[in-house]
> 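Take a look at the following structure, please.
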Amino acid sequence: MAIDSDSPIEITAFKWVPEVARGQVRDLRVRWALEEVGRRYEVQYLVLGEHKQPPHRARQPFGQVPTYQDSEVTLFESGAIVLHVAERFEGLLPDNPAARARAIQWMFSALNTVEPPLMDYLFVTIFEADKPWSEPRRPAVEARIHERLGELSQQLGDRQWLDGGGFTAGDLLMVTVLRIVEGKGLVERYDNLAAYMARGVARPGFKKALADQLSGFSQTPPPEASAWMEKQQ
């Protein structure tokens with residue numbers, strides 16, 4: 001059952017993040033999904049530290065973004081939100097039940113199988129780069145990444161999208177996951193995956209979602225930024 005088109009939708013996002021995180025914060029996935037299904041939404045921007053306070057934790061117990069709220073439900077976790085949007089509005093899941101199930105399968109695959117080793121790469125190269133264990137771990141992390149990307153490349157083959165039909169929520173999440181290491185020479189080693197990612201980010205919905213996310217960031221770090229960044233080390 002579709003939600004009334006006039007029903008308000010609100011998501012949460014950060015007002016400021018470090019430069020390295022811009023274009024990667026996971027509200028981008030939700031923004032893109034809403035653009036693909038043609039739904040307007042409002043953004044509640046959180047200042048640094050506000051995401052860890054009780055009002056936000058009532059919506060997101062782990063103190064993260066995004067959250068999503070419509071007339072029916074309040075949700076956290078970007079994958080769950082994208083699935084909710086895809087199930088409620090036309091445009092991201094096929095009508096055929098089997099094709100629909102396969103699209104959802106690819107959503108889970110993106111988040112549970114492909115994303116973890118890519119996030120490990122960020123830890124060894126950025127978040128924990130100064131730790132003595134990071135550089136020794138890097139070859140094993142990269143080996144796991146190439147195992148997964150090789151398998152994904154073989155499955156994709158010469159198809160435009162993962163299941164051989166049109167663009168789905170599975171492709172949306174997989175493209176955002178591959179973007180985690182965009183430009184690092186990892187995805188780019190596989191010509192079909194690089195072209196697949198390029199097709200995804202060329203979609204008007206992605207371009208609008210990315211532009212809107214980037215325009216929402218304050219360019220001036222808040223006074224709390226230095227202390228907060230030190231705490232993340």
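Computation of the quantities below employed the complete heavy-atom set of this structure, encompassing side-chain atoms and omitting hydrogens, waters and symmetry-equivalent molecules.
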> State whether Phe76 and Arg59 meet the cation-pi test: NZ (Lys) or CZ (Arg) under 6.0 Å from the six-membered ring centroid, and within 45° of the perpendicular axis.
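Judged by the rule (NZ or CZ under 6.0 Å from the ring centre, within 45° of its axis), Arg59 is not positioned above Phe76.
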> Give a yes or no on whether the backbone of Gln64 and the side-chain of His56 come within a donor-acceptor separation of less than 3.5 Å.
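Yes, His56 side chain to Gln64 backbone: donor-acceptor pair under 3.5 Å.
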> Nearest 0.5 angstrom please: Ile145 CD1 to Tyr121 OH, how far?
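OH of Tyr121 is found 7.0 Å from CD1 of Ile145.
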> What is the distance from atom CZ of Arg189 to atom CG of Leu149, rounded to the nearest 0.5 Å?
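CG of Leu149 is found 9.5 Å from CZ of Arg189.
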> Apply the side chain to side chain donor-acceptor pair (under 3.5 Å) test between Asp163 and each candidate in Gln155, Arg102, Arg100; give the one that qualifies.
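Of Gln155, Arg102, Arg100, side chain to side chain donor-acceptor pair (under 3.5 Å) with Asp163 is met by Arg102 alone.
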> Give, for atom CD of Gln60 and atom OG1 of Thr67, the distance between the pair rounded to the nearest 0.5 Å.
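With rounding to 0.5 Å, CD (Gln60) is 7.5 Å from OG1 (Thr67).
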> Going by ring-ring contact (aromatic ring centres under 6.0 Å, His included), name the residues that satisfy it together with Phe123, two or more places apart in sequence or in a different chain.
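With sequence neighbours excluded, Phe123 shows a ring-ring contact (aromatic ring centres under 6.0 Å, His included) to Phe127, given in chain and number order.
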> Would you call the rings of His146 and Tyr190 parallel, tilted or perpendicular, where under 30° means parallel and over 60° means perpendicular?
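Taking Tyr190 first and then His146, their aromatic rings sit tilted (interplane angle of 30° to 60°).
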> Between Thr113 (side chain only) and Ala110 (backbone N and O only), is there a donor and an acceptor less than 3.5 Å apart?
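Answer holds: no.
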> Can a donor-acceptor pair be found, under 3.5 Å and without considering hydrogens, that links the side chain of Asn96 to the backbone of Ala98?
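Indeed, once roles are kept as given, a pair shorter than 3.5 Å links the two residues.
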> Is it true that a side-chain atom of Ser134 and a backbone atom of Glu128 form a donor plus acceptor pair closer than 3.5 Å?
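Confirmed, Ser134 side chain pairs with Glu128 backbone.
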> Of all heavy-atom pairs between Arg29 and Ser78, which one has the smallest distance, and what is that distance?
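Heavy atoms only, the tightest pair is NH1-OG, 3.3 Å.
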> By ring-ring contact (aromatic ring centres under 6.0 Å, His included), which residues pair with Phe206, not counting sequence neighbours?
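ring-ring contact (aromatic ring centres under 6.0 Å, His included) list for Phe206, sorted by chain: Trp32.
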> Residues in ring-ring contact (aromatic ring centres under 6.0 Å, His included) with Tyr41, at least two apart?
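By the ring-ring contact (aromatic ring centres under 6.0 Å, His included) rule, Tyr41 matches no residue at all.
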> Can you confirm whether more than 12 heavy atoms, excluding those of Phe108, are under 6.0 Å from its CZ atom?
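No - once you tally the heavy atoms of other residues, nucleotides and ligands closer than 6.0 Å, there are 12 at most.
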> Taking side chain to side chain donor-acceptor pair (under 3.5 Å) as the definition, give me every residue that meets it alongside Ser109, ordered by chain and number, with sequence neighbours left out.
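Side chain to side chain donor-acceptor pair (under 3.5 Å) list for Ser109, sorted by chain: empty.
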> Once rounded to the nearest 0.5 Å, what's the spacing between atom CG of Asn112 and atom CE of Met107?
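If we round to the nearest 0.5 Å, Asn112:CG and Met107:CE are 11.0 Å apart.
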> Which residues pass the side chain to side chain contact (heavy atoms under 4.5 Å, CB included) test with Ala33, not counting sequence neighbours?
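Per chain and number, Ala33 pairs via side chain to side chain contact (heavy atoms under 4.5 Å, CB included) with Val82, Val85, Leu92, Leu172.
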> Could Arg138 and Trp133 be counted as a cation-pi pair, given that NZ or CZ must be under 6.0 Å from the ring centre and within 45° of the axis?
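Judged by the rule, Arg138 and Trp133 form no cation-pi pair.
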> Go through Glu35 and Arg31 one step at a time and tell me if the salt bridge (charged side-chain N to carboxylate O under 4.0 Å, His left out) criterion holds.
CA-CA 6 Å; Glu35 292 294 339; Arg31 293 175 186 263; over 6 Å; no
> Identify whether the distance between the nearest side-chain nitrogen and carboxylate oxygen of Arg148 and Glu151 falls below 4.0 Å.
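Yes, charged N to carboxylate O under 4.0 Å.
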> Report the residue from Met119, Met197, Glu115 that forms a side-chain contact (heavy atoms from CB on, under 4.5 Å) with Val177.
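Exactly one option meets the side-chain contact (heavy atoms from CB on, under 4.5 Å) with Val177, and it is Glu115.
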> Examine distances only and state if a side-chain atom of Glu50 and a backbone atom of Val47 form a donor-acceptor pair shorter than 3.5 Å.
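A pair under 3.5 Å: yes.
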> Provide the full list of salt bridge (Lys or Arg N to Asp or Glu O under 4.0 Å) pairs with a residue in residues 169-179, sequence neighbours left out, each pair given once.
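For residues 169-179: Arg179-Glu182.
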